[in-house]
There are 2 protein chains.
Amino acid sequence: MDEHRVPTIYDVATACGVAPSTVSRAFSRPGRVNAETAARIRRVAEEMGYRANPLARALPTGRTSLLALVVSDVTNPFYFEIIRGAELAANAADYTLLVADVYESAVVERKALERALPLVEGVVLGTSRMSDSAIRVMAQQRPTVVLNRVLTGIPSVITDNARGTRRAMEHLVSLEHRSIGYVAGPEASWADGMRWRAMREAADTLDVRVQRFGPVAPTLAGGTEAAAAVAGSAVTAAVAYNDLVAIGLMRGLTASGLRVPRDVSVVGFDDIFGAELCSPMLTTVAAPLTALGRYAVQTLLAGMASRTPPQVRPALLPAELVVRESTAVRARRRRRPEAAEDK
Amino acid sequence: MDEHRVPTIYDVATACGVAPSTVSRAFSRPGRVNAETAARIRRVAEEMGYRANPLARALPTGRTSLLALVVSDVTNPFYFEIIRGAELAANAADYTLLVADVYESAVVERKALERALPLVEGVVLGTSRMSDSAIRVMAQQRPTVVLNRVLTGIPSVITDNARGTRRAMEHLVSLEHRSIGYVAGPEASWADGMRWRAMREAADTLDVRVQRFGPVAPTLAGGTEAAAAVAGSAVTAAVAYNDLVAIGLMRGLTASGLRVPRDVSVVGFDDIFGAELCSPMLTTVAAPLTALGRYAVQTLLAGMASRTPPQVRPALLPAELVVRESTAVRARRRRRPEAAEDK
DNA sequence: CACGCCACGACAAGCGGTTGCCACGACTTG
DNA sequence: CAAGTCGTGGCAACCGCTTGTCGTGGCGTG
């Protein structure tokens with residue numbers, strides 16, 4: 001055997017005086033070969049520095065030990081912890097995670113998937129920009145789990161935003177707010193719909209008024225843009241589509257002379273990195289980011305293991321309200337005259 | 001051919017009445033087969049929905065079209081743009097990027113590398129925690145490029161922090177600061193050494209005083225921790241190891257009654273996401289994050305293409321000072337009595 | 001003691017491409 | 001017109017591992 005080559009099962013086999021198939025089974029089929037033989041083979045393999053070639057293994061079996069996680073934008077802080085959680089779960093199961101960034105584009109997403117699909121055993125779609133039908137098509141090529149979206153028949157894991165929203169509302173109501181705004185995100189967003197709906201329901205049961213602003217882009221700029229409308233309205237608190245919007249909103253509000261939380265309370269969603277960097281630090285409905293990633297991968301793995309299609313009911317992970325500095329008791333009077341409904 | 005199987009070159013070959021090898025060449029060896037034949041093969045392949053199996057291709061050739069990017073911590077905002085840049089460059093060259101997170105651990109890093117190495121054609125090491133020698137060992141298994149670190153003999157791409165530091169110092173001096181602090185990061189950090197050295201050099205030529213604080217952990221908490229020492233000193237401005245430390249420092253300073261930038265100016269490094277979320281928004285030496293990732297991958301690809309080991313001289317990417325709100329003209333007097341060297 | 005069974009290992013056929021080499025015909029050239 | 005060239009396509013041997021199947025020897029059992 002050439003010194004500069006990496007050893008194969010053939011090298012190990014001749015060194016042990018057994019057949020290559022026996023070496024293969026010594027590793028992958030415990031019990032199939034005599035315990036002593038197996039031990040000897042393993043020892044020799046170890047000495048020779050043998051490592052199974054994952055490519056060669058994958059070719060006949062299709063087991064690449066690779067999973068894909070598709071994210072709409074790697075630079076979005078929302079994903080950092082999700083990626084971390086997914087990677088953790090994948091590695092724990094001896095899988096490697098392939099993170100694909102699709103720059104918020106359905107076209108790029110399709111291309112990335114096309115590139116990665118033959119390589120991976122399963123896919124986690126994080127906030128996919130593709131259509132439901134496109135997702136269904138790809139789900140029948142590879143086991144798939146979707147994040148932050150429900151798609152009947154396809155396993156999904158989502159944050160329990162309804163509960164989170166309710167908690168946020170209760171918090172604001174306990175601070176004596178009676179008129180609360182919602183700065184909406186993209187209309188195409190499934191989460192946006194859920195959040196707004198949950199707000200209206202909470203408003204009903206808590207007997208307060210809610211008012212919708214936007215929709216705006218889910219960015220700092222989007223939030224800033226909405227500030228004028230919020231400032232000009234009667235609301236004394238606002239819940240924003242996500243943390244970025246919330247922070248932008250606080251800025252815009254501050255710029256227009258209002259103080260947060262003194263004049264207006266602000267609540268965000270997700271608790272991304274940055275929520276406690278801003279000042280005032282943002283009160284927000286924290287999504288279980290790491291758990292989301294971890295659980296998505298675990299669900300995927302479970303689905304791959306059992307041949308029967310797994311549970312269809314989406315997994316709901318609990319959201320928690322993190323109270324920081326951007327919410328406070330409603331001031332007796334808003335600085336603006338529009339604050340008409342002071343009791 | 002079974003309806004539920006994905007077509008192979010063999011299927012295409014029989015459909016075209018040619019040999020499989022011809023089909024293979026029609027795709028990978030342009031010019032090797034007759035133009036008309038090739039066109040016909042491609043058309044038929046297209047109709048059948050043929051896609052080359054990357055695994056099968058990789059086995060004999062070793063060309064997996066996969067590149068690894070190892071980052072010490074995916075949740076560190078420093079990496080977001082780097083990953084984006086790397087992915088962009090990789091995709092442009094028809095490569096897929098495998099991002100491996102190693103949670104700041106040399107052990108995990110080694111394991112991750114062990115897992116990924118046989119799959120990838122090359123590796124970019126972002127702020128590796130491994131020893132120089134360990135890196136050298138792995139560099140001879142696969143083409144390697146290191147980020148933010150120089151290692152003679154191995155191509156590397158780094159930020160021109162010397163220049164950036166000088167710009168920051170010039171900026172502070174132009175704001176009349178004459179006594180400037182540096183809050184140091186981890187001593188093992190190559191960048192930390194470079195930054196401190198550049199500060200001393202700049203101090204020399206600009207004729208101002210510099211003082212070193214720390215070292216502290218490269219986190220918000222680290223910065224906060226250093227605030228007391230900075231507040232208690234005579235410096236009127238501080239440059240921090242990175243943005244996180246800078247933001248932590250601002251907080252600590254504010255908590256101890258000093259105002260930023262009125263009493264103390266603060267400058268960070270890197271311009272991570274978050275630098276303009278905090279308030280005051282941070283003045284910082286912006287690292288060319290996206291370019292760093294992109295260039296690292298391009299360097300790697302270039303090195304893979306030419307069989308000769310590529311340039312050994314590290315690539316220096318320019319850093320730029322981004323002036324925001326955390327720096328201002330030195331106040332006539334610090335609130336603390338220690339501010340003795342007022343002219 | 002013969003038969004059958006079981007445990008263990010070997011053989012060989014893939015998995016789906018790639019590629020060195022050869023064959024064959026057409027064309028050029030002396 | 002013979003010989004050499006070139007353009008094309010086919011053959012078959014890999015790449016390294018998995019796995020269905022078969023052969024063989026040892027053992028238990030009637």
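Throughout, protein chains are lettered first and strands after them, A, B, ... in sequence-line order, and every chain is numbered starting at 1.
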Note to self: Restricting to ring pair (Phe, Tyr, Trp, His ring centres under 6.0 Å), what partner residues turn up for A:Y50, sequence neighbours left out?
What the structure shows: A:F27
Check: Just checking, any donor-acceptor pair under 3.5 angstrom between side chains of A:T152 and A:R136?
Finding: yes
Next item on the list: For the helix from C:dC1-D:dG30 to C:dG30-D:dC1, measure the angle between the helix axis at one end and the axis at the other, each built from five pairs, rounding to 10°.
Entry: 50°
Note to self: I need the minimum non-hydrogen distance between A:V33 and A:A26, along with the two atoms involved.
What the structure shows: CG1-N, 4.1 Å
Item checked: Summary of protein contacts for nucleotides 10-23 of chain D, nucleotide by nucleotide, where a base hit scores B, a sugar-phosphate-only hit scores S (4.0 Å, heavy atoms) -> BBB--BBBBBBB--
Next item on the list: Decide salt bridge (Lys or Arg N to Asp or Glu O under 4.0 Å) for A:R40 and A:E36; before the verdict, give the C-alpha distance in whole Å, the side-chain angles of both, and the deciding distance to 0.1 Å.
Entry: CA-CA 6 Å; A:R40 181 163 52 92; A:E36 287 175 34; over 6 Å; no
Item checked: Start and end of chain B contact along DNA chain C [non-hydrogen atoms, under 4.0 Å] -> C:dG16 to C:dC21
Next item on the list: Find the distance between CD (B:E104) and CG (B:D101) and round it off to the nearest 0.5 Å.
Entry: 9.0 Å
Check: Are A:S72 and A:Y79 close enough that a side-chain donor and a side-chain acceptor fall under 3.5 Å?
Finding: yes
Residues 14-23 of chain A side chain polar contacts: donor-acceptor under 3.5 Å, at least two apart:
{"residue": "A:T14", "atom": "OG1", "partner": "A:Y10", "partner atom": "O", "Å": "3.4"}
{"residue": "A:T14", "atom": "OG1", "partner": "A:D11", "partner atom": "O", "Å": "3.0"}

Item checked: Contacts of A:T75 that satisfy side chain to side chain contact (heavy atoms under 4.5 Å, CB included) - sequence neighbours left out -> A:D73, B:F80, B:E81, B:R84
Next item on the list: Go through the steps to decide whether B:E114 and B:R110 satisfy the test salt bridge (Lys or Arg N to Asp or Glu O under 4.0 Å), and finish with yes or no.
Entry: CA-CA 6 Å; B:E114 204 162 287; B:R110 187 156 316 192; over 6 Å; no
Next item on the list: Scan side-chain atoms only and decide if B:E121 and B:Y95 contain a donor-acceptor pair under the 3.5 Å cut-off.
Entry: yes
